[in-house]
Amino acid sequence: MTIQDWKRSLYALLALPAYAAGPQARRWLAARLLGLTGSGSPPRPLAAGGLALLAWPFAVLTWFLVWRIATYGLFWDPAGAGSSWGGPSLIGAWIVHFFCALGMAVPAMWLLRPLTTAQAAAASMGETRRSTT
C-alpha cells in the first residue's frame, strides 16, 4: 500500500459527495488527490456517478477499518476479553484484529485502483493523464 492508494481511497470516499457539488468540484478533487488532468473530451456524468457509487463502499470499508483498529483499545472490555479473538490480553486481540482488518483493507484498496481511475476519467475530463507536478 502506497500513499497513492490512500489518496485513491480518500478520493473514492469524497467522489460521491463531489458528484453532487458539480463538475468543477470533481475536476478539482481528481487533480488534487489523483494528480489527473484532462484531455478536453466531454465528461460522462452518468457513468461517473455509477462508478462513484460502486467505489464508495470499498472506501468506507477501508476508512472504517483504519478508524476501528486505531481506536480498538478505547472500546476494550476486560469482562468479555476471554471470548475476544486473540484475547484475553488487549495486545493479542489488537494484533489479531489488525491482521484481519489488513486482510480486508488491502483487497479493497486494490479494487479501488481501476475504479477511481475510471471514475475520475468519466467525471472530470474524459481520458485522463497524470500531471507532472
Side-chain angles (χ1 to χ4, degrees):
M1 292 188 300
T2 65
I3 190 70
Q4 190 63 28
D5 290 326
W6 289 106
K7 285 182 176 182
R8 284 181 186 283
S9 67
L10 187 58
Y11 173 82
L13 189 65
L14 299 175
L16 201 55
Y19 183 76
Q24 194 168 18
R26 293 190 298 267
R27 279 192 296 272
W28 179 85
L29 191 64
R32 179 77 173 135
L33 291 177
L34 300 180
L36 299 176
T37 58
S39 65
S41 53
R44 299 179 306 271
L46 191 57
L51 287 166
L53 193 60
L54 187 61
W56 194 75
F58 295 112
V60 168
L61 173 67
T62 299
W63 286 101
F64 169 76
L65 291 170
V66 167
W67 175 254
R68 187 65 179 115
I69 293 302
T71 61
Y72 188 76
L74 298 176
F75 304 103
W76 182 255
D77 179 21
S83 62
S84 175
W85 290 0
S89 71
L90 174 60
I91 191 69
W94 186 85
I95 289 171
V96 168
H97 284 83
F98 169 80
F99 283 110
C100 289
L102 189 65
M104 290 184 277
V106 169
M109 286 184 155
W110 180 75
L111 288 169
L112 283 174
R113 284 181 181 183
L115 286 174
T116 55
T117 301
Q119 196 275 332
S124 54
M125 38 275 153
E127 182 185 335
T128 57
R129 60 184 177 273
R130 191 162 303 282
S131 68
T132 57
T133 57

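Just so we're clear, the structure is a prediction, and the values are computed from it rather than from any experiment. Values reported hereafter were calculated over all heavy atoms of this structure, with side chains retained and with hydrogens, waters and symmetry mates removed.
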After noting the C-alpha distance and the side-chain angles of Arg8 and Thr117, does the key distance pass the side chain to side chain contact (heavy atoms under 4.5 Å, CB included) rule?
CA-CA 9 Å; Arg8 284 181 186 283; Thr117 301; 2.9 Å; yes

With clusters defined by side-chain heavy atoms of hydrophobic residues (ILVMFWY) lying less than 4.5 Å apart, directly or transitively, does [Y] cluster with [X]?
X	Y	result
Met109	Leu29	yes
Phe99	Leu65	no
Leu16	Leu33	yes
Leu51	Trp28	no
Leu102	Ile91	yes

In terms of heavy-atom contacts, Ala59 and Ser9 come closest through CB-O, 3.3 Å

Minimum heavy-atom distance Trp63-Leu13, with the two atoms named:
CD1-CD2, 4.0 Å

How many angstroms lie between [atom1] in [X] and [atom2] in [Y], if you round to the nearest 0.5 Å?
X	Y	atom1	atom2	answer
Phe58	Leu111	CZ	CG	5.0 Å
Arg113	Asp5	CZ	CG	4.0 Å
Met104	Phe64	CE	CZ	8.5 Å
Arg32	Lys7	CZ	NZ	7.5 Å
Leu112	Leu54	CG	CG	9.5 Å
Leu10	Thr116	CG	OG1	11.5 Å

Exceeds 12 heavy-atom contacts within 6.0 angstrom, atom CZ of Arg68:
yes

